[in-house]
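Everything on this sheet refers to the single structure shown next.
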Amino acid sequence: MIQDVARRIAQERIAPSAESFDRSGEFPLENIRLLGENGLMGIEVPTEYGGAGLDPVSYVLAMVEIAAGDAAHSTIMSVNNSLFCNGILTHGTEAQKQTYVRAIAEGREIGAFALTEPQSGSDATSMRCRAVRQDDGRFVVNGKKSWITSGPVARYIVLFATTDPAQGARGITAFLVDTQREGFHRGKTEPKLGIRASATCEIEFQDYVVQADEVLGEVGQGFRIAMGVLDAGRIGIASQAVGIARAAFEATVAYVKERKAFGQPIGAFQMTQAKIADMKCKLDASLLLTLRAAWLKGQGKRFTNEASIAKLTASEAAMWIAHQAVQIHGGMGYSKEMPVERYFRDAKITEIYEGTSEIQRLVIARNETGLR
Ligand SMILES: Cc1cc2nc3c(=O)[nH]c(=O)nc-3n(C[C@H](O)[C@H](O)[C@H](O)COP(=O)(O)OP(=O)(O)OC[C@H]3O[C@@H](n4cnc5c(N)ncnc54)[C@H](O)[C@@H]3O)c2cc1C
């Protein structure tokens, strides 16, 4: 049912407007509200906190559909679901869940996740954003975060800052931020290669005050929370990659039957057929690996390695499939008149955020060898 709902919205509402959102870079607020009203902004969030109360496999099925409609929409959806709601559901207090998760899961507000800084991405423990505890238990935050998805529009943010730089990873704490308070500033929206309607910006904290009850989890537990949230987030990005790849594949299959050269459909050439076969194999393998990771998560089993395997495989497959799609479309593949040009640009981000492909390889190899 959730797949049907997501597919209907993706095909009827999102796909037809994807090109214009890509061109304008406008944030698709109305569509995001619609996704929220249909339970797609908090798929794994229990119904008592405004979510759909479903499992990780449902999340994958819905994400694939929305990403096939438009990748930028699925980026916003994945941050709300995986990076924002997931961490608060796992580590938050009852009051935090009611305040922060409900608004995002219902699609009334937008959430964001702020880990990366101008000088630290993959090496997140070298963050400089600093939160200093006051005598009354409150924290004062100063520093910058960069590349924050939905930063330009988010109401609430899960923020990671160092409370004890000498402790490295163990000195990082997670906080819940309300962007309507004093001391919070947004930078300019980044002009991007792809997922252009997903607004991204730098954010800055200048003496922003966090109340004691706005700490997420324990002081010093932030890095562990971030890594756990990113494990789950990678299932979302793998699903996004599968969705982009599927859209590129389907557009290509339709094109090779229609376009003729040397008196026959280009799909009849063996070289094209080999490409179609390889695209399909990579697409199916990616989907199945993503479902495996989601199923393990749903069973309460360890899934860190499987999430990295799914994200690495699906993101590289999406890039490869979109590349073939452009090639098979010939000159038309290079034109903004056809969607494959957008799929090609959108696919690239899946190899970068929530851990680059190099970082996924590192995670997988460490899991397999036990060596660090
Ligand atoms: C559109 C977009 C949206 C984003 N959204 C968010 C968000 O919402 N919240 C957030 O916190 N962040 C976000 N990010 C940041 C993203 O997660 C980082 O860009 C990513 O983790 C890589 O970090 P970096 O850009 O600093 O690259 P670097 O860490 O500087 O890496 C540069 C290159 O070095 C390689 N490298 C680094 N370390 C190693 C190593 N140990 N071994 C081998 N190779 C290595 C990398 O793989 C990469 O190829 C977003 C980024 C983009 C582009």
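Each ligand, and each atom within it, is numbered from 1 in the order the structure gives.
For atom 32 (C) of ligand 1, no protein heavy-atom neighbour is found at a distance under 4.0 Å. Note that atom 14 (N) of ligand 1 has protein non-hydrogen atoms nearby, at separations under 4.0 angstrom. Within 4.0 Å of atom 5 (N) of ligand 1, at least one protein heavy atom is present. Protein heavy atoms are absent from the 4.0 Å sphere centred on atom 25 (O) of ligand 1.
The atoms of ligand 1 that sit less than 4.0 Å from any heavy atom of F113 are 7 (C), 8 (O), 9 (N), 10 (C), 11 (O). Atoms of ligand 1 lying under 4.0 Å from at least one heavy atom of E354, given by number and element, are 17 (O).
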message = As a quick check of understanding, evaluate side chain to side chain contact (heavy atoms under 4.5 Å, CB included) for Y255 and M338, giving each step before the final call.
response = CA-CA 11 Å; Y255 192 75; M338 302 293 269; 4.0 Å; yes
inquiry  = Pair K311, E351 - check salt bridge (charged side-chain N to carboxylate O under 4.0 Å, His left out), show working.
reply    = CA-CA 8 Å; K311 199 236 178 209; E351 294 182 320; over 6 Å; no
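Among protein heavy atoms, atom 39 (C) of ligand 1 sits closest to I359 CD1, 4.0 Å. Atom 38 (N) of ligand 1 has as its closest protein heavy atom S122 CB, 3.9 Å. Nearest protein heavy-atom neighbour of atom 8 (O) of ligand 1: T149 N, 2.9 Å. If you check which protein heavy atom lies closest to atom 19 (O) of ligand 1, you get I352 CG2, 4.2 Å. Protein heavy atom at the shortest distance from atom 51 (C) of ligand 1 is W147 CB, 3.6 Å. In terms of protein heavy atoms, atom 10 (C) of ligand 1 is closest to T116 OG1, 3.3 Å.
Nearest residue to atom 43 (C) of ligand 1 from E190, Q119, E358 is E358 (criterion: closest heavy atom).
Between F84 and F113, the distance separating the two ring centers is not shorter than 6.0 angstrom. Side-chain rings of F160 and F223 stay apart, their centers remaining 6.0 Å or farther from each other.
Using a 4.5 Å heavy-atom cutoff, the side chains of R345 and D22 are in contact. Taking the side chain as every heavy atom from C-beta outward, E306 and L289 never approach each other to under 4.5 Å.
Residue contacts with ligand 1 for T356 involve side-chain atoms from C-beta outward but no N, CA, C or O (heavy atoms, distance under 4.0 Å). Contacts between K192 and ligand 1, counted as non-hydrogen atom pairs separated by less than 4.0 Å, involve the side chain only. Residue I349 touches ligand 1 through its side chain alone, judged by heavy-atom distances below 4.0 Å. With a 4.0 Å cut-off on non-hydrogen atoms, L362 touches ligand 1 through its side chain and not its backbone.
Atom-to-atom distance recorded for H73:NE2 and I76:CD1 is 6.5 Å, nearest 0.5 angstrom.
Evaluation of the salt bridge (charged side-chain N to carboxylate O under 4.0 Å, His left out) test over residues 160-189, restricted to residues two or more places apart or in two chains, returns R155-D178, R181-E214, K188-E190. Residues in residues 216-239 take part in these side-chain hydrogen bond (donor to acceptor under 3.5 Å, both in side chains) pairs, two or more places apart or across chains: D231-T304.
The pair R23-E19 meets the salt-bridge criterion, with a side-chain N (NZ, NE, NH1 or NH2) lying under 4.0 Å from an Asp/Glu carboxylate O.
On a distance-only criterion, L83 and ligand 1 share no N/O pair closer than 3.5 Å.
The backbone N or O of I266 sits less than 3.5 Å from a side-chain atom of T272, completing a donor-acceptor pair.
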